[in-house]
Amino acid sequence: MGPTLISVQVGIPRKVVRDGEEVLTGIFKTPVNGRLRMGTLNLEGDRQADLSVHGGPNKAVYGYPSEHYAYWKKELPGVELPWGSFGENLTTSGLLESEVHIGDRFTIGAAEVVITQPRLPCFKLNLKFDRDDMVKRFLGSRYTGFYFRVLREGEVGAGDEIIPVHQDENRVSVLDTLRLYLRESDSSELRNRALQVKYLSPSWRKGFSEQI
């Protein structure tokens, strides 16, 4: 069986208190039964809290591989981890950061999406898990998931096949992109390939251009 959409989650920003201060976050997502419209800015019913950092067409929808949950269950014993625990809209099967590329396009249900960047966790992941080291652990695992841009709007639902329709010819994986960002790779050849990818998020393109 090919790649599949395991679960779909949405959330509305809620206030949490951290160190005596109220913070608004959209990281709390809840699985949804039935089908939802995936639009160019978000999934129907989903809201991001800080649109200066989250959201926008290049980060419309966040996908996270279901395969990584086994790792996190070992890392976080006793913590309940329902689908959507990492703030993802789409919990996937068959798409791994080491195997999918920036610029790869897929159809999911009636929609078409393209991968634009890995996810860089912000402090709100620490809030979600109520631990100070979660951002560091998340980044350290390299299990970051990836953002999608929505090229064609349409309805999606759990159980939909995720059908590859185009593999980007530059072949820069999500994991390669993260390693470039973290300067674990200083391959100018890889960086140049990344800069050739049409759908690489503009903020990442700018960062890589400045590394040259």
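Atoms considered below: every heavy atom in the structure, side chains included; atoms not considered: hydrogens, waters and symmetry mates.
- Between the side chain of Ser7 and the backbone N or O of Pro31 there is no donor-acceptor pair closer than 3.5 Å.
- Between the Lys128 side chain and the Phe86 main chain, no donor and acceptor come within less than 3.5 Å of each other.
- In this structure, the ring of Tyr64 has its center no less than 6.0 angstrom from the ring center of Tyr143.
- Ion pairing between Asp176 and Arg171 fails under the 4.0 Å rule for side-chain N and carboxylate O.
- Heavy atoms from other residues, nucleotides or ligands lying under 6.0 Å from OH of Tyr181 number 12 at most.
- In this structure, Glu169 CD and His101 NE2 are separated by 11.0 Å, a value rounded to the nearest 0.5 Å.
- Between the side chain of Asn126 and the main chain of Met134, a donor-acceptor pair closer than 3.5 Å is present.
- Shortest non-hydrogen contact noted between Ile6 and Ser66 is CG1-OG, 4.0 Å.
- Arg37 has no carboxylate O lying under 4.0 Å from a charged side-chain N of Glu44, or vice versa, which leaves the two without a salt bridge.
- Lys29 has no carboxylate O lying under 4.0 Å from a charged side-chain N of Glu88, or vice versa, which leaves the two without a salt bridge.
- No side-chain donor-acceptor contact under 3.5 Å links Thr4 to the backbone of Glu161.
- Between the side chain of Arg137 and the backbone N or O of Glu75, at least one donor-acceptor pair lies under 3.5 Å.
- Nearest heavy atoms, Pro65 versus Phe146: CG-CE2, 4.1 Å.
- For the atom pair CD1 (Ile115) and CG (Leu200), the distance works out to 12.0 Å, reported to the nearest 0.5 Å.
- Atom CG of residue Leu41 and atom CG of residue Asn58 lie 10.5 Å apart, to the nearest 0.5 angstrom.
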Item to check | Stepwise side chain to side chain contact (heavy atoms under 4.5 Å, CB included) check, Thr107 with Arg152 | outcome: CA-CA 9 Å; Thr107 57; Arg152 184 178 70 237; 3.8 Å; yes

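- No side-chain donor-acceptor contact under 3.5 Å links Asn170 to the backbone of Val172.
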Checklist entry - Which is it for Ser201 and Tyr147 under the side chain to side chain contact (heavy atoms under 4.5 Å, CB included) test, yes or no, and what are the steps along the way? => result CA-CA 9 Å; Ser201 279; Tyr147 279 105; over 6 Å; no

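- Glu97 contributes atom CD, which lies 3.5 Å from atom NE2 of His68 (distance to the nearest 0.5 angstrom).
- Looking at Tyr62 and Arg119, their side chains do bring a donor and an acceptor atom within 3.5 Å of each other.
- Across every non-hydrogen atom of Thr144 and Pro118, the tightest pair is OG1-CB, 3.7 Å.
- Between Phe106 and Pro164, the shortest heavy-atom distance links the atoms CD2-CA, 3.6 Å.
- Under the 4.0 Å criterion applied to side-chain N and carboxylate O atoms, Glu112 and Arg105 are assigned as salt-bridge partners.
- A continuous path of hydrophobic side-chain contacts links Leu190 to Leu195 [ILVMFWY only; heavy atoms under 4.5 Å].
- By the criterion of side-chain heavy atoms lying less than 4.5 angstrom apart, applied directly or through intervening Ile, Leu, Val, Met, Phe, Trp or Tyr residues, Ile163 is not grouped with Val156; the two fall into different hydrophobic clusters.
- One N or O on the side chain of Glu67 and one on the backbone of Gly94 form a donor-acceptor pair closer than 3.5 Å.
- Shown here for Ile102 and Val197, the closest heavy-atom pair between the two residues is O-CG1, 3.5 Å.
- Both Phe129 and Phe123 sit in one connected hydrophobic cluster of ILVMFWY residues. Membership requires side-chain heavy atoms under 4.5 Å apart, directly or through other members.
- The closest donor-acceptor contact from the side chain of Asn192 to the backbone of Glu189 lies at 3.5 Å or more, if one exists at all.
- Of the possible donor and acceptor atoms, none in the side chain of Arg149 sits under 3.5 Å from a partner among the backbone N and O of Pro57.
- Tracing side-chain contacts under 4.5 Å through hydrophobic residues (I, L, V, M, F, W, Y), one reaches Leu81 starting from Phe138; they form part of the same cluster.
- With hydrogens and angles disregarded, a donor-acceptor distance shorter than 3.5 Å links the side chain of Arg142 to the backbone of Leu139.
- For Leu180 against Ser185, the heavy-atom pair with the smallest separation is CD2-O, 3.6 Å.
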